[in-house]
Amino acid sequence: MLSYTARRLAESLLVLLAVSFASYILIGLMPGDPVDLMFADDPEITAEDIARLKALYGLDRPLLERYGHWLGNAVSGEFGYSRLYQQPVGDILMPRLLASLQLLGTSTVLGLMLAIPLGVLAAARANSATDYGINLFCFAGISVPPFWLALMLIAYIAVPVAWIPAGGSAEPGSGMLETLRHMLLPVLALTLAEIGGFTRFMRGAMLQTLGQDYMRTARAKGASARRQLFGHALRNALLPLVTVIALSFGTLFSGTLITEAIFSWPGMGVMIYEAIMGNDYNLALIGLMIATAFTLLANIAADIAYAALDPRITARGGDDGP
Amino acid sequence: MTAGVGRGARIRGRFLANRMAMASAAVLSCLVAIATFAPWILDLLGLDAQATNLFARSQPAGPDHFLGTDEAGRDILARLILGSRASLAVGLTTAVTAAAIGTVIGLFAGYFGGWLDRVLMRCTDGVISLPLLPLLIVLSVIDFDKLGIGWIDGGSGLTLIVFIISLVAWPTVARLVRAETLSLKSREFVTAARAQGAPPLYVIRRHILPNCLSPIIVATTLSVGKIILLESVLSYLGLGIQPPTPSWGNMLTNAQDYLFSAPELALWPGLAILTAVVAFNFLGDGLQDAFDPRRDRR
Amino acid sequence: MATTHTRVLAARAIAAALTIIAAAAICSIPFWSTPSGAADKSRLTIGMSQYPATLSPVFESMMAKAYVLAMARRPITVYDQDWRPTCLVCTKLPSLEDGTAVWETAENGDPGIAISYTLNPAAVWGDGTPVTTDDVLLSVEIGQDPQTGALNAELFRRIDKVTVQDDKSFTLHMNKRTCNFENIAGLALLPNHIERPIYEADPQSYRRRTAYDADPTNPGLWFGPYRVARVAVGQSILLERNPSWWGPEPYFDEIEVRAIQNTSALIANLLAGDIDMIAGELGLAADQALGFESRSGDDYQFLYKSGLVYEHIDVNLDTPSLTDLRVRQALIHGIDRQAISEQLFQGKQPVAHGNVNPLDKWYDPDVPKYDYDPTKSVELLKDAGWDAGPDGIRVKDGERLTLTFQTTAENKTRELVQQVIQNQWRAIGVEAVLKNEQPRIFFADTITKRAFDGVVMYAWLSAPESIPFSTLHSSQIPTEENAWQGQNYPGYNSPEMDETIDRLETDCADEDQRVLWSDLQARYARDLPVLPLYFRAEPYVLPKNMTGLRPTGHQYPSSLWVEEWRLTE
């Protein structure tokens, strides 16, 4: 197991390196470097100014050389300065990362708390009206464009209800309640979008375990319907859910971009977007790297957890034996 | 082929019995028909999706404009009809392209194994780990002329969107197909064919691919909905289908500026997207149930 | 079994409830109420759509920064709400009459000018240090240092040297004569006692270490009615009263500026009472504000100030079909600008007949105008040899009259106007193929490197009385050879226009100026290097009882007079 983990981690490092290279080159292919943009803003800037500024920002050197330079610095922990915010990249990144995790963690927990019972219920009453209803609700959640959902929540919840803010995060130093108040709508938007996938997955996993041989054995042995559902099936169905949760954490920063943007939540997703659009190389690259590393790690964690908690082992443990 | 004579019939039977899937199939057939014949339908109704009229902006529904007009005085119904073309075209083309890429990669990785498998699967991991939306943003603003493929970035941006989403949407199918190929490879009919000296590509085409089709179809169907949504999100970021070509995504995005003065503008494209995506999900779901081999055993 | 039954019932109830919620959300009847939290004296919260990239006055020109900084520091001179130059930190504008401005010969022998200013004796930095000529010297030094990458390089290149009379008085010796020499808004005062050590430690990395970004709450950096109290990067900036402010006391105790990019979310925040007003400089588009006003007009005060944001279409004059003046005239006669202005913007964004705003001192009301006249367009096109083809699009020598029409992909108003124009041009037999791009590509590549072959639509923002040298002079056509310098994107090359522009910079007598400006406007209208569309209006959405905010309509924001803002109680 240990060597497996080590190998996976090493491979991930390679992938990360490749991704950093690809991102650097791709961002380099985006037209308009920071100086070009400045130039478009200022009618009185001259050609000499441009050349001087390009040299100053190191933009006159070839792309590969710049990448090598950047990589060397990044590996030694020197992430450079953000052009957009004039701050060291690390100083901007950490609070942003925490803010995104805060949103995503809360909405994932909330989503699971709702999705697991809904999924079990749908599986228990498979093909009934209840099942169809839950299905429809799930699909609706998955199928709504996220920006539309967010704007609707603002228009129909934040505007009429005075104490629910339409956006922003709590002022620094304010209490727990204040933080929760500001989190309410973005978390709701993310949860609604997430819950469908979780529920559908839960239902599928439940149906699968309910159809498996040992469940039939349990049924043959006369275990009650409740005990079947919760004693055996639920425990086994929860395992594959670990993978899904890990993967959903991986898509973290893309998933939250729109929500963060509309609720002006100071998160990672919207930061990466702004950094890319604002040609903030350092910030965009480190942001992309962290997002990628998160997914890779989440994948590995899921695989390891899955291997460690092999369903067959649990299945045998769940069976009382003859 | 492993499937008995009755399997196809059983699959069909299970699918036909699934009410939600059947309803979705019906809805989607209508949508596809509307999209295909959009210009003729518009002619028939005497509508023009592009004609602006500054003197009839944001009109309510009425006899002249069945669903009213938008912020430029264009007929909303006409734009919805024409918009179905772009939205469905993006969804279907991209899903199929991505599935094709994924299938080829999955088949090769699974069948040949070894270093090819390892390299391809690490690529797959890499692509899956990429933060999707930021990557799409980078891809949609880079200068393709510098790469010598400037032709891709022309017109309404449809080709470009299909291209860039396909580039990142294939890993799901690749993984599915690889897993399926691995299990098929050890089956008797495949080992027999290989023992008889059949060339690899022949075995893949003749024995493996046909048996992988059901998971591919299911995954592709389910991804269409996701891609339609993605197009609307890209539109929201200003990177989707470009005007004057209407798509449901860019109609919805335009409408959000008028959320507080003409909220009904957001209603119709929103509903259209919702309907199409829900229908694709139900359809994929129904297909999955119908193809499920475990159901055959029962 | 009873429990299962209840559970099913509960689930059905939940499903039903969710369906109702979904239906309510989809249903388009708005049920929002009147704004909840009205603004009060203790804090005014302003929403705007951009966050300043830096708080340093020396780097990056952007409106968000100018808006926030205007409340905490002041330029020496500026154009006021009536578009006249005025002193904010000086005691008097220099003038030739009283000898505070003197023609002289520059070091390189060119005609130059010396202009003298005296800083307001009461002006002090927030930590009590007086504002002195040392601060001026530091600004000039940093501005002229090629290592720093500071803004306004052109202004600093014009300054040959600075002579200092005493702590408050100084003279700038400029190596180029201009007629509107009074305004030196680009010279931003820097606190010598704080910034000099940082700058001198390492000029090259100064822009990263400036206290404005590293320690923005240091009171010594500010000398306006407010000072920065808290910065939440990317989100909001809180300003508090500056106890050492040397001007009239402002009304509000605190002002918070919050950045909300999405304009619908901006309106929602206003409706929800989370912000009190939307800045006009960086807020809603006029059509969006008008729509909002039609629904919620009673709850807020709406001000529209049409100004110097000039929306226009640049024509590439090297494209064969567009070199023909008749084609360009046909294009402008083919756009119903009156209808666009009235129907889309309720007249708040007036039709532009040229590049000079009617509010400008030098506007000539007799400039030739082009009315909407599609019949005339058709005649002009026929005259130029373009005859109607089989599908209605005009053809000449087998070539269709097709133009690529580009603009920025993020600006919804522009895209709307663009599609309206596309329709109107189709009616006269001109096909416009739209190809819109992200602003970063559009501004950094397409127009600046003249990589468009048809027409492009965008806007200029300028100061009053600014001479359109970089946009109309033939030396300012960007080419590979001149490293894409200049902003004459149409490629307009007229010796007469060049002469007019050159003389505008040197012939400063009022009567000369008037003649030259009229000539410039007439020529612009006659040659049509650019198709004028309209002047944009900035919509301000304010609390009902707010007074004292006077929109400027030019590049200097209304917040420069923040101490005049009040609420009537």
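With R450(C) contributing its side chain and Y489(C) its backbone, the two residues share a donor-acceptor pair below 3.5 Å. When atom types are taken as modelled, the side chain of R258(C) and the backbone of S264(A) share no donor-acceptor pair closer than 3.5 angstrom.
For chain A, the option among Q204(C), R208(C), R230(C) with the highest count of heavy-atom pairs below 4.5 Å is R208(C).
Looking at F469(C), there are no atoms closer than 4.5 Å to chain A (heavy atoms on both sides), in backbone or side chain. If you measure heavy-atom distances from T148(C) to chain A, the contacts under 4.5 Å come from the backbone alone. Of the atoms belonging to A268(C), heavy atoms from both backbone and side chain fall under 4.5 Å from chain A. Heavy atoms closer than 4.5 Å to chain C are found in both the backbone and the side chain of I262(A). Within the 4.5 angstrom heavy-atom criterion, only side-chain atoms of Q438(C), from C-beta onward, approach chain A.
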Taking distance alone, no hydrogens or angles, what donor-acceptor pairs closer than 3.5 Å link side-chain atoms of residues 186-199 of chain A to residues at least two apart or in another chain?
residue: T191(A); atom: OG1; partner: V187(A); partner atom: O; Å: 2.6
residue: T199(A); atom: OG1; partner: I195(A); partner atom: O; Å: 2.7

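G234(C) approaches A259(C) most closely through the heavy-atom pair O-CB, 4.4 Å.
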Task: Full working for side chain to side chain donor-acceptor pair (under 3.5 Å) between N282(A) and Y81(A) - done: CA-CA 7 Å; N282(A) 290 339; Y81(A) 261 74; over 6 Å; no

